[in-house]
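Proteins come first, then strands; the chains are lettered A, B, ... in the order of their sequence lines, and each starts at number 1.
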There are 2 protein chains.
Amino acid sequence: MKIEDEIKQPTFKDNHQKALINLVFTTGWVQQQQSALFKGYGLTLPQFNILRILRGQHPKPATVNLLIERMLDKTSNASRIVDKLEVKKLVTRTVCPSNRRAVDIRITETGLELLHQLDAELENRRNGLQHLTDEEAAQLSNLLDKIRD
Amino acid sequence: MKIEDEIKQPTFKDNHQKALINLVFTTGWVQQQQSALFKGYGLTLPQFNILRILRGQHPKPATVNLLIERMLDKTSNASRIVDKLEVKKLVTRTVCPSNRRAVDIRITETGLELLHQLDAELENRRNGLQHLTDEEAAQLSNLLDKIRD
DNA sequence: TGCAAATATATGTACATACATTTAATGTGC
DNA sequence: GCACATTAAATGTATGTACATATATTTGCA
């Protein structure tokens with residue numbers, strides 16, 4: 001559906017305004033698709049993202065600082081998201097022996113298994129971008145990089 | 001900066017995964033730019049979006065349902081965002097005379113003046129997409145429409 | 001050595017999101 | 001006309017975001 005119809009706004013001031021609104025709307029749309037998938041597994045989207053970073057480090061631990069550095073949203077509160085994951089036994093948290101200010105966070109076997117299940121589902125949907133060709137996906141990335149120039 | 005460097009991830013599984021991550025990251029980036037602008041005026045981004053919808057209706061009133069229908073994020077809680085705007089005297093809320101279940105929400109003169117100030121700032125920045133040409137903005141919109149096909 | 005600055009994380013608060021439930025008003029079928 | 005479903009909005013609760021502040025540890029240097 002065209003963005004004009006999605007938000008019931010027949011015209012836009014210019015292509016820039018239209019692109020911005022489309023960007024925000026479409027990103028929300030994709031994230032909602034993903035959230036719906038995660039919900040069946042008792043995970044929220046930020047919790048999933050943290051788990052994925054931890055898997056990237058595995059079997060090495062990550063600190064909260066490393067999580068923040070790699071998170072898509074730098075200003076969110078990694079501490080509290082890790083709290084939730086710890087309650088669900090998907091991660092462990094231990095004081096870092098070499099620097100007692102820091103905390104070593106590790107994904108558990110349960111966490112790894114959960115991610116493994118989700119991988120297959122995400123792969124099927126091409127990460128929610130199944131309507132784009134490979135070339136279009138690359139083109140989209142280039143335009144997005146340009147926005148942040 | 002390329003997305004690989006932004007989130008310190010040297011490679012992606014494929015162009016689809018890269019595009020998704022870039023989409024989420026860039027949208028967050030643009031919204032943060034905008035939030036910073038609104039902050040100087042005591043507004044949050046969702047509050048601004050509601051005000052803009054109300055201006056579109058002005059001088060007719062809007063109901064909460066209409067706001068939800070037009071909001072970019074359909075699942076957010078329009079009632080409580082209107083609460084905040086009412087406290088700031090940027091909107092008024094009166095029971096709808098023809099349907100006493102509904103509430104007529106209107107932007108005030110103060111609200112209109114505030115939006116007018118913000119218009120100029122947003123125009124200067126081409127809504128945060130100042131690095132895109134007109135053609136690129138249109139191209140981006142087309143790719144985004146395709147994602148939601 | 002001692003002590004201020006820097007670092008790593010946690011906590012507090014206001015706002016927003018996501019979703020379920022509640023309250024009030026309206027509409028509909030019998 | 002009245003029970004019952006539907007509709008519009010508000011409220012409750014858990015989670016997350018944004019930003020300021022607090023606590024504990026480590027570092028650096030006078």
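- Shown here is A/Lys88, whose NZ atom has more than 12 heavy atoms of other residues, nucleotides or ligands within 6.0 Å.
- Nucleic acid contact for B/Ser79: base, since at least one base atom lies under 4.0 Å from a heavy atom of the residue.
- Contact annotation: A/Gln47 side-chain N/O to D/dG16 OP1/OP2 distance is under 4.0 Å.
- Among the protein residues, A/Asn77 comes within range of the nucleic acid bases, having at least one heavy atom under 4.0 Å from a base atom.
- The distance between atom CZ of A/Arg101 and atom C1' of D/dT23, rounded to the nearest whole Å, is 13 Å.
- Atoms CD (A/Glu69) and C1' (C/dT9) sit 16 Å apart, rounded to a whole Å.
- Residue B/Asp73 is in sugar-phosphate contact alone, with no base atom involved, counting any heavy-atom pair closer than 4.0 Å across all strands shown.
- In this structure, CG of B/Asp83 is placed 11 Å from P of C/dC15, rounded to the nearest angstrom.
- Within 4.0 Å of B/Leu45, counting heavy atoms only, lies no atom of the nucleic acid at all.
- No chain of hydrophobic side-chain contacts below 4.5 Å, direct or via other Ile, Leu, Val, Met, Phe, Trp or Tyr residues, connects A/Phe25 to B/Leu45.
- Comparing C/dC15, D/dG16, C/dT9 against the side chain of A/Ile81 picks out D/dG16 as the nearest.
- Atom CZ of A/Arg80 is separated from atom P of D/dC19 by 14 Å (rounded to the nearest Å).
- Nucleic acid contact for B/Ser35: none, since no nucleic acid atom lies under 4.0 Å from a heavy atom of the residue.
- As a whole-Å value, the separation of A/Phe48 CZ from C/dA18 C1' is 19 Å.
- Other residues, nucleotides and ligands contribute only 12 or fewer heavy atoms inside 6.0 Å of the NZ atom of A/Lys2.
- Note on B/Lys39: every side-chain N or O is 4.0 Å or more away from OP1 and OP2 of D/dA18.
- Distance, B/Asn99 CG to C/dT23 P: 20 Å, rounded to whole Å.
- Phosphate contact (OP1/OP2 of D/dG16, side-chain N/O of A/Thr44, threshold under 4.0 Å): present.
- Taking atom CZ of residue B/Arg93 and atom C1' of nucleotide D/dA8, one finds them 13 Å apart after rounding to whole Å.
- Residue B/Gln32 is the one, among B/Gln32 and A/Ser98, whose nearest nucleotide of DNA chain D lies closer to the 5' end (criterion: closest heavy atom).
- A straight line from NZ of A/Lys88 to C1' of D/dA14 spans 11 Å, rounded to a whole angstrom.
- For C/dA25, one of the phosphate oxygens OP1 or OP2 lies less than 4.0 angstrom from a side-chain nitrogen or oxygen of B/Arg100.
- No donor-acceptor pair closer than 3.5 Å links the side chain of B/Arg55 to the backbone N or O of B/Leu112.
- A donor-acceptor pair shorter than 3.5 Å can be found between the side chains of A/Gln57 and A/Arg70.
- A/Asn65 has a side-chain polar atom (N or O) that falls below the 4.0 Å cut-off from OP1 or OP2 of C/dT9.
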